[in-house]
Amino acid sequence: MTHDTVVIGAGLAGLAAALRLAEEGRRVLVVAKGVGSTHLAPATIDVLGFDGEAVESPAQALPQFAAAHPGHPYERLSVELIAASIEWFKSRLPLSGFRGGLEENVVLPTAVGAAKPSALVPETMVGGDLRAGGPFLFVGLGLKDFYPAYLAGNLAGSGVQARAIELAPPLGRETDVGSVGFARRFEQPAFREAIVRELAGRLEPEERVGFPAVLGIRQAAEVWRELETRLERPVFEVATLPPSVSGIRLFEEMTAALRRAGGRIVIGQTVVGAETADGRVEAVVAEAAARTATFRARSFVLASGGFAAGGVELNSYGKIREAIFDLALAGAATNGRPRFLPTYLEEQPLDRVGVPVDDRLRPTDAEGRPRYENLHAAGATLAGAVPWREASGNGLSLATGYAAAGAILEGDS
């Protein structure tokens, strides 16, 4: 079957590109080996959280940041385009109720009590904005990797009024319930009743009540509103370690919107190569179990991710390559320096490795020319960013996915 566009990758970048194209009537197919990073990361959209120090307004900081970091993906994106991608995204995901924008960052607590700036956050997390001051109460449920006393202690050490309590929710015979298991239980009225009953009489006036981000999967908004009403306090979620329930919600809502718009998504097929001719990609070849499939299209979006997702590979001989099209990579040359440093929390020499692109997000060769006229790249595949240091990952994925779709639409007009 021939499509208008085949998108490789089902992370935020790929889904954003696919959804925008499908809404414009294009026949879109998403092909991916897995669900991408949405299930690992919180659903917050971090556009630019740090540039040496915490960023208060991404809109004001982005021009200077892009000028100071040549080769960064933000060098290819205007502030107006990034803002447009955010507003488009907010309007497409009403169930998540995303709030915020490019003008100012919301500052949320992480599971270890650090302050994390985000431009756009689900409504279930807004109440945790540390700029509002305290007092905060963090509720433990016995969930592994979420320790409310540790969280509250770190916040208190930075001057935020915070405390923690541990509950003993009814888990039956199960003693090791994960985040998804808790999310399913919060969608049960009897479980919510037990939580509210345990909290009765233990809340202080004016406290904001923080739970780990497990307040349901498909009914999170309803659960959150009920808890706010019954506790008579602002209630919010704190992002947890993977698997990310809020990220699962994001994936489910985006893929549902994509299908409503007429797009298709195939999970479980790994794109391993391409058919090309005369400077254009004609098809991509995918493997699943013992068979192969060929997907043809007029245009393609590469959103296969970086090292973590296998979009860029480093083999046992030290060779670095883009895994599908064997595209040129920027940032791979270390000029004789070691590729890895012994200090874990410093930027590594290979952190910025990725695919260089032109202003239409088409991968370029060593001379800066587009490798293929109808191939565009988005997300963590791109060279030049260090998302963990900048707090920019989801913002980059959203904006570049949106921009890649825009470039395709402009080329078709």
Side-chain angles (χ1 to χ4, degrees), residues 1-36 38 85 88-89 92 251-289 291-305 309-311 322-327 355 357-358 360-363 370-382 397-398 400-413:
M1 182 180 294
T2 299
H3 301 82
D4 291 322
T5 303
V6 168
V7 177
I8 306 164
L12 180 56
L15 293 177
L19 179 55
R20 188 179 182 195
L21 289 166
E23 287 180 336
E24 295 296 330
R26 303 308 194 267
R27 294 171 299 168
V28 180
L29 172 68
V30 177
V31 182
K33 64 181 178 182
V35 294
T38 50
S85 73
W88 171 86
F89 181 78
R92 279 7 181 231
F251 177 83
E252 295 291 339
E253 191 171 4
M254 289 198 76
T255 52
L258 175 61
R259 293 187 178 99
R260 287 195 301 270
R264 293 181 58 221
I265 179 167
V266 178
I267 301 292
Q269 297 208 8
T270 303
V271 178
V272 295
E275 297 177 6
T276 64
D278 301 321
R280 295 180 65 84
V281 178
E282 296 185 342
V284 293
V285 179
E287 291 182 347
R291 63 186 178 87
T292 62
T294 300
F295 302 102
R296 302 188 178 278
R298 290 191 296 148
S299 60
F300 298 81
V301 177
L302 178 64
S304 54
E322 186 275 315
I324 298 171
F325 300 93
D326 200 20
L327 299 169
V355 174
V357 292
D358 65 7
R360 296 186 61 207
L361 298 186
R362 296 174 299 182
R371 177 77 178 273
Y372 300 109
E373 179 65 30
N374 63 334
L375 175 64
H376 303 261
T381 304
L382 301 179
S397 292
L398 170 60
T400 54
Y402 178 88
I408 293 171
L409 294 171
E410 290 172 7
D412 289 347
S413 61

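Checked by atom type and distance alone, the side chain of Thr5 never pairs as donor or acceptor with a backbone atom of Ala297 at under 3.5 Å. Here the side chain of Thr381 pairs a donor or acceptor atom with the backbone of Gly305 at under 3.5 angstrom. The backbone N or O of Ser304 lies less than 3.5 Å from no partner atom in the side chain of Lys33, so there is not a single donor-acceptor pair. Arg371 places no side-chain N or O within 3.5 Å of a backbone atom of Pro363 that could act as its donor or acceptor partner. The backbone N or O of Val271 sits nowhere less than 3.5 Å from a side-chain atom of Gln269 that would complete a donor-acceptor pair. Distance alone, capped at 3.5 Å, places no donor-acceptor pair between the Arg280 side chain and the Asp278 backbone. At distances below 3.5 Å, at least one donor-acceptor pair connects side-chain atoms of Thr400 with backbone N or O atoms of Gly379.
Listed by chain and residue number, nothing satisfies the salt bridge (Lys or Arg N to Asp or Glu O under 4.0 Å) test with Glu252 (two or more places apart in sequence, or in another chain). With sequence neighbours excluded, the residues forming a ring pair (Phe, Tyr, Trp, His ring centres under 6.0 Å) with Phe251 are His39, listed by chain and number. Every residue two or more places apart in sequence or in another chain was checked for a ring pair (Phe, Tyr, Trp, His ring centres under 6.0 Å) with Phe325, and none qualifies.
Side-chain contact between Ile265 and Arg259: present, with at least one pair of heavy atoms (C-beta onward) separated by less than 4.5 Å. Side-chain contact between Ile8 and Phe295 is absent, with no heavy-atom pair separated by less than 4.5 Å. When side chains are defined from C-beta on, Arg362 does not count as touching Val357, because their heavy atoms never get closer than 4.5 Å. Counting heavy atoms from C-beta on, the side chains of Phe300 and Ile324 never come closer than 4.5 Å. The side-chain heavy atoms of Leu327 and Leu375, taken from C-beta on, include a pair separated by under 4.5 Å. Put simply, the side chain of Leu409 reaches to within 4.5 Å of the side chain of Arg20, judged on heavy atoms. You'll find the side chain of Glu322 reaches within 4.5 Å of the side chain of Leu302, heavy atoms only.
Here OG1 of Thr270 is found 7.5 Å from CD of Glu287. Values are rounded to the nearest 0.5 Å. Between the CG atom in Leu19 and the CZ atom in Phe89 there is a gap of 9.5 Å [rounded to 0.5 Å]. Note that CZ of Arg296 and CG of Leu29 are 13.5 Å apart. Values are rounded to the nearest 0.5 Å. The line from CG of Leu15 to CG of Leu398 is 11.0 Å long, rounded to the nearest 0.5 Å. Here CG of Asp326 is found 11.0 Å from OG1 of Thr276. Values are rounded to the nearest 0.5 Å. Within the model, atoms CD of Glu253 and CZ of Arg92 stand 12.0 Å from one another, a figure rounded to the nearest 0.5 Å.
Of all heavy-atom pairs spanning Val30 and Gly9, the tightest one is CG1-O, 3.5 Å. In plain terms, the two heavy atoms of Pro370 and Asp358 that are nearest each other are CG-OD2, 3.6 Å. Minimum heavy-atom separation, Ile408 to Val301: CD1-CG2, 3.6 Å. In plain terms, the two heavy atoms of Val281 and Ala274 that are nearest each other are CG1-CB, 4.4 Å. Residue Ala22 comes nearest to Val28 through the heavy atom pair N-CG2, 3.8 Å, listed as atom of the first residue, atom of the second, then distance. Between Ala380 and Ser397, the shortest heavy-atom distance links the atoms N-OG, 4.4 Å.
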Start with the C-alpha distance between Arg360 and Glu410, add both sets of side-chain angles, then the distance that settles salt bridge (charged side-chain N to carboxylate O under 4.0 Å, His left out), and finish with yes or no. CA-CA 10 Å; Arg360 296 186 61 207; Glu410 290 172 7; 5.4 Å; no
